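I have placed the structure first, in the form of structure tokens, so that the comments after it can refer back to it.
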Number of protein chains: 2
Amino acid sequence: MNPKENIHPIEAPAGLRERKKRLAQAAIEEAALRLFQQKGYEQTSIQDVADAVTMSSRTFFRYYASKEEVLSGPIRSTQLDGIRYLQEAAPPASPHAALKSVFGYLAGQYQKQRPGLVLRYRIAGQTPSIASLFLYTLMETEPALCDALWSKFEIGVDRDEVRFLVAVYMAALRVSIEEWLELGEDTDLVDVLHRHMDRLSSMPPR
Amino acid sequence: MNPKENIHPIEAPAGLRERKKRLAQAAIEEAALRLFQQKGYEQTSIQDVADAVTMSSRTFFRYYASKEEVLSGPIRSTQLDGIRYLQEAAPPASPHAALKSVFGYLAGQYQKQRPGLVLRYRIAGQTPSIASLFLYTLMETEPALCDALWSKFEIGVDRDEVRFLVAVYMAALRVSIEEWLELGEDTDLVDVLHRHMDRLSSMPPR
DNA sequence: TTGACTTTTGTCACTCAGTGACATTATATT
DNA sequence: AATATAATGTCACTGAGTGACAAAAGTCAA
């Protein structure tokens, strides 16, 4: 574990207000995921979720900007962690080295979230708008990763090449996650990812 | 131009009904794109579009399943063309050769749609849900491409490897389109794509 | 503890996407 | 022209999401 170990240091419980907010947020997520699983995502209305935690539906939207955000939230914040990881990483030997490191880190983070991800991707499999959102949530971090990577080298690398590189590694991560979720609980996402990343070495059979 | 040149043979004008439907569809698309450009996508309601072509908003939804579909439609059908192209392609020398061929074909098809794509991607740039949809529209064809490719070889290739390969080429296409749209009108998408695909040969610097 | 201040919540009214049902109109067929 | 069939309009409805404002709860100082 190279750079910053604690990207999310555990904050002091702070005031009662803060604690209540966290509680409410957690309650919403729990209830929402449970209902999505039981009745299906589209068959679950915000009203259903709000009822389950006895709050008004208006309040739901003060915690989550949309119904979809309940599902994409953790993925999004993991991706943001990845950006920070790369920004704070020690000067890497090469772009490939840097990318292997970040994406390895990301795989490790996703690894920890398996149960939640299984659930989320099961819903994505049945709900195109959610599959669509997950793709976007992954790929929207590409520009920031490009910038971070670019700033490590400045010269000697082509900007468009960096963009492509990042996109390729992102494809590796995406495919790895899909595969890993289809396989049993005891498969290692980091391994799957490395298998794919290594393929890049022997890419074109010429 | 290898396999089937006419994937969309021009049908006879058929009856009046058919002609009217085509007219209506075209009128909707024209009006919608114009309004999206003028007022912005989110600021344009279906009612606005329907009014512009003097039809009820209910009828709009008989032509397009959603507001978004007006934008993703052509991309989707281009992707479907790609699938057919690969299915009907002559037995390729290698997976890479097959993929270079399909994605080259796709680039050629997109090349022809430049004006429309400029507009569509401009909207996507301002509307996350549309960017999200475009990503999905590209990537949702991956499984079918994998199947088609797989059926050309059957043995000697790993299914997961095929999946990764297709994803990598899709990343190349995606990045190429983005770059190509940012550059001037006279740049060649097929060239941009080939530049990226060639990079795969010298991928990992070891 | 009270009282003033700030944040959170609920209520209400609203816009807009999308859908099902049914009547109406236009095209197709013989 | 008469009849069958397909397209359109109308209406009523669900559900996501938002702005405005009032009520309730948490915070902090005296």
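Each chain gets a letter, A, B and so on, in the order the sequences are listed, and its residues count up from 1. On a predicted model such as this, the values are computed, not experimentally measured, just so you know.
Between the C1' atom of D:dT14 and the NZ atom of A:K39 lies a distance of 13 Å, rounded to the nearest Å. In this entry the distance linking CD of B:Q43 with C1' of D:dT18 reads 14 Å, nearest Å. Distance, B:F60 CZ to C:dT19 C1': 14 Å, rounded to whole Å. A:L71 places its CG atom 13 Å from the P atom of D:dA16, with the value rounded to the nearest Å. Counting to the nearest Å, the P atom of D:dA7 and the CG atom of B:L23 are 15 Å from each other. B:K67 places its NZ atom 17 Å from the C1' atom of C:dT19, with the value rounded to the nearest Å. Between A:Y64 atom OH and D:dT18 atom P the separation is 16 Å, expressed in whole Å. The interatomic distance linking A:Y63 (OH) with D:dT18 (C1') rounds to 18 Å, in whole Å.
Dashed line: the shortest gap from a side-chain N or O of B:S45 to OP1 or OP2 of C:dC16 is not under 4.0 Å. Contact between the side-chain N/O atoms of A:K21 and the OP1/OP2 oxygens of C:dT8 is found at a separation under 4.0 Å. Between A:K20 and C:dT8, a side-chain N or O to OP1/OP2 separation shorter than 4.0 Å is absent.
Geometrically, B:K67 engages B:Y41 in a cation-pi contact, judged by NZ or CZ lying under 6.0 Å from the ring centre and within 45° of the ring axis.
Ranking C:dT9, D:dG19, C:dT27 by closeness to the A:R58 side chain, first place goes to D:dG19. With distances taken from any side-chain atom of B:F61 to the nucleotides C:dA17, D:dA7, D:dA25, the minimum falls on C:dA17.
B:S56 comes within 4.0 angstrom of a base, heavy atoms only. Within the 4.0 angstrom heavy-atom criterion, only backbone atoms of the sugar-phosphate kind lie near A:S66; the bases stay farther away. Using a 4.0 Å heavy-atom criterion, one finds that B:A65 contacts the sugar-phosphate atoms exclusively.
A salt bridge does not link A:R76 with A:E69: none of the charged nitrogens is closer than 4.0 Å to a carboxylate oxygen.
Judged by distance alone, with hydrogens and angles left aside, B:R62 brings a side-chain donor or acceptor within reach of the base of D:dG9, the pair sitting under 3.5 Å.
The residue among B:R17 and B:Q47 whose nearest nucleotide of DNA chain C is located toward the 5' end is B:Q47.
With 3.5 Å as the limit, one finds a donor-acceptor pair spanning the side chains of A:H196 and A:E179. One side chain, B:Y85 or B:S101, offers a donor N or O that lies under 3.5 Å from an acceptor on the other. With 3.5 Å as the limit, one finds no donor-acceptor pair spanning the side chains of A:Q79 and A:T137.
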